[in-house]
Amino acid sequence: MQNVNLWSEEFGAETDPPILLIMGSMSQGVLWPDEFVGRLAAGGRRVIRYDHRDTGRSDTVDFAAQPYSWNDVKDDVYRVLDIHGVQSAHLVGHSAGGLLGQLVAVERPERVRSLTVIASSPLGGGEGQVIVRALTGQPQPQGSLPEPAPEFVDHYRTLMSAPPPEGRRALVDGMVAEQRVLHGTGLPFDEDATRRLQERIYDRARDLSASANHRLAAMADPDFEPVGVLDQVRVPTLVVEGSHEPVKPGHGAVIAERIPGARLMVVAGMGHTLPPEVHEELTDAILAHTAE
């Protein structure tokens, strides 16, 4: 494991059952909303969230001098558990964090009490290639995962051809616009609250641009995801997908089909973010799923 310092924090009593929250690619741990975390802690859980390497307050890396792969990002999950003295935890992962959770459940089941996968894709399903083909207009091979919604594709195609924003205001404007697309169309979008959160993310980052190293890490090991292993997951699994998921629509159902005994929960109105409207329903489900 590489020697990278990771920022983390925990809430709740140390004697309560631990939940480790794993956020998605290029995303800081504070994208797990404070209210969401507070509800879990108030429900009797020891809740840990952290910043991935190259995000937020965790160390940033000179990728050319110290390259890493998504296997290293996955190993950071074990490091966070070890730092907090947790032998096994309930893993709750969002997007790529859900992918990491699936792999940990296959690789080290003794460290996983249960698994909750939110807005994610099935391990080994080729989700990255599906998105790339959608953005570049290539046809999807038969049997591929469903591709992103048109508004997602249009937004990122525009970004690919536009000059990068410069300065705090322009960067935050772009981050808010991205969140609007990820939010989906099922619930009202609170632009003011989103802007405050994105300003927080901007201000607490050691180097906001360093998160792009996660893309380099994916390219460094394109065979990172093992194929055909989800039937090896033996921990209780809850799969959550929003009814208005714009990035990975229908992927949750595939995960639930491939993991024995997994339960699929569809949250009305939710897209690829965690707005206040879904906190109560989602945390109640997680608390019930992690009851010991």
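Along the sequence shown, residues carry numbers from 1.
Of the possible polar contacts, one joining the His183 side chain to the Leu187 backbone as a donor-acceptor pair under 3.5 Å is found. Using a distance-only test at 3.5 Å, with no hydrogens or angles considered, no donor-acceptor pair links the side chain of Gln198 to the main chain of Val176. Thr237 contributes no side-chain N or O that, together with a main-chain N or O of Ala262, makes up a donor-acceptor pair within less than 3.5 Å. Here the side chain of Glu241 pairs a donor or acceptor atom with the backbone of Gly250 at under 3.5 angstrom. Checked by atom type and distance alone, the side chain of Gln138 never pairs as donor or acceptor with a backbone atom of Arg133 at under 3.5 Å. With hydrogens and angles disregarded, a donor-acceptor distance shorter than 3.5 Å links the side chain of Thr194 to the backbone of Asp190. Remark: side-chain polar atoms of Gln28 are paired, donor with acceptor, to backbone N or O of Ile201 under 3.5 angstrom. Side chain of Asp284 to backbone of Glu281: no donor-acceptor contact under 3.5 angstrom is found. Thr158 places no side-chain N or O within 3.5 Å of a backbone atom of Tyr156 that could act as its donor or acceptor partner. Listed for the Arg180 side chain is no donor-acceptor partner under 3.5 Å among the backbone atoms of Phe189.
Counting heavy atoms from C-beta on, the side chains of Asp59 and Leu6 never come closer than 4.5 Å. Contact annotation: the side chain of His244 never approaches that of Pro249 to less than 4.5 Å [non-hydrogen atoms, C-beta and beyond]. Counting heavy atoms from C-beta outward, Val47 and Trp32 have side chains that stay 4.5 Å or more apart. Put simply, the side chain of Glu127 reaches to within 4.5 Å of the side chain of His251, judged on heavy atoms. By the 4.5 Å heavy-atom criterion applied to side chains, Pro226 and Val106 are not counted as neighbours. Using a 4.5 Å heavy-atom threshold, the side chains of Ile48 and Phe11 count as separate. Counting heavy atoms from C-beta on, the side chains of Ser95 and Met23 never come closer than 4.5 Å. The closest side-chain heavy-atom distance from Val86 to Leu20 is not below 4.5 Å.
Salt bridge Arg195/Glu199: absent, no basic N to carboxylate O contact under 4.0 Å. Ion pairing between Glu110 and Arg108 holds under the 4.0 Å rule for side-chain N and carboxylate O. Salt-bridge formation is detected for the pair Arg204/Asp51: a Lys NZ or Arg NE/NH1/NH2 atom is positioned less than 4.0 Å from an Asp or Glu carboxylate oxygen. Using a 4.0 Å cut-off between charged side-chain N and carboxylate O, Glu10 and Arg46 make a salt bridge. Ion pairing of Asp34 with Arg49 is present here, as a side-chain N (NZ or NE/NH1/NH2) and a carboxylate O approach within less than 4.0 Å. In this structure, Arg79 does not pair ionically with Asp75, as no charged nitrogen and carboxylate oxygen lie closer than 4.0 Å. Salt-bridge check for Glu107 with Lys74: passed, with a basic side-chain N closer than 4.0 Å to an acidic carboxylate O.
Summarising the local packing, CD of Glu14 is surrounded by 12 or fewer heavy atoms from other residues, nucleotides or ligands at distances under 6.0 Å. Around the CZ atom of Arg168, the shell of radius 6.0 Å holds more than 12 heavy atoms that belong to other residues, nucleotides or ligands.
Nearest heavy atom pair, residue Gly269 against residue Ser243, reads N-OG, 2.7 Å. Across every non-hydrogen atom of Arg157 and Leu135, the tightest pair is NE-O, 3.0 Å. Between Pro33 and Leu274, the shortest heavy-atom distance links the atoms CG-O, 3.5 Å.
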**Request:** Under the side-chain contact (heavy atoms from CB on, under 4.5 Å) rule, what do Thr55 and Trp7 come out as? Steps first, then yes or no, please.
**Result:** CA-CA 9 Å; Thr55 74; Trp7 174 90; over 6 Å; no
**Request:** Assess whether side-chain contact (heavy atoms from CB on, under 4.5 Å) is satisfied between Leu238 and Val117, documenting all intermediate values.
**Result:** CA-CA 6 Å; Leu238 173 65; Val117 179; over 6 Å; no
**Request:** Please assess Asp72 against Asp76 for the test side-chain contact (heavy atoms from CB on, under 4.5 Å), listing each intermediate value before the final yes or no.
**Result:** CA-CA 6 Å; Asp72 296 301; Asp76 288 341; 5.7 Å; no
**Message:** Walk me through whether Asp221 and Trp70 qualify under side-chain contact (heavy atoms from CB on, under 4.5 Å).
**Reply:** CA-CA 7 Å; Asp221 185 7; Trp70 268 90; over 6 Å; no
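Thr290 and Arg45 share a side-chain donor-acceptor pair at under 3.5 Å. Of the N and O atoms on the side chains of Ser88 and Arg111, not one donor lies less than 3.5 Å from an acceptor on the other residue.
The hydrophobic clustering, which links ILVMFWY residues whose side-chain heavy atoms are closer than 4.5 Å, places Val73 and Val30 apart. Residues Leu91 and Leu99 are members of one and the same hydrophobic cluster, defined by side-chain heavy-atom contacts under 4.5 angstrom among Ile, Leu, Val, Met, Phe, Trp and Tyr. Val266 and Val278 are assigned to two separate hydrophobic clusters, defined by single-linkage of ILVMFWY side chains at heavy-atom distances under 4.5 Å. If you chain together hydrophobic residues whose side chains sit under 4.5 Å apart, Leu197 and Met270 fall into the same group. In this structure, Val92 is not a member of the same hydrophobic cluster as Leu81, with clusters built from ILVMFWY side-chain heavy atoms closer than 4.5 Å.
Rounding to the nearest 0.5 Å gives a distance of 11.5 Å between CG of Asp16 and CG of Leu40. With rounding to the nearest 0.5 angstrom, the CD1 atom of Ile286 is 6.5 Å from the CD1 atom of Ile19. Remark: Asn71 CG to Leu103 CG distance equals 6.5 Å, nearest 0.5 Å. Atom CG of Leu145 and atom CD of Gln129 lie 9.5 Å apart (nearest 0.5 Å). The CD1 atom of Ile22 sits 13.0 Å away from the OG atom of Ser27 when rounded to the nearest 0.5 Å. From Leu159, atom CG reaches atom CG of Asp154 across 11.5 Å, with rounding to the nearest 0.5 Å.
Ring orientation note: the planes of His52 and Tyr50 are nearly perpendicular, at an angle over 60° on the 30°/60° scale.
The ring-ring contact (aromatic ring centres under 6.0 Å, His included) analysis of residues 85-124, with sequence neighbours excluded, yields the pairs His94-His272.
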Name each donor-acceptor pair under 3.5 Å that joins a side chain in residues 209-219 to protein atoms two or more places apart or in another chain, with its distance.
residue	atom	partner	partner atom	Å
Ser209	OG	Asp207	OD1	2.7
Ser211	OG	Leu208	O	3.2
Asn213	ND2	Asp54	OD2	3.1
Asn213	ND2	Val61	O	3.2
Asn213	ND2	Ala210	O	3.4
His214	ND1	Met26	N	2.9
His214	NE2	Arg53	O	2.8

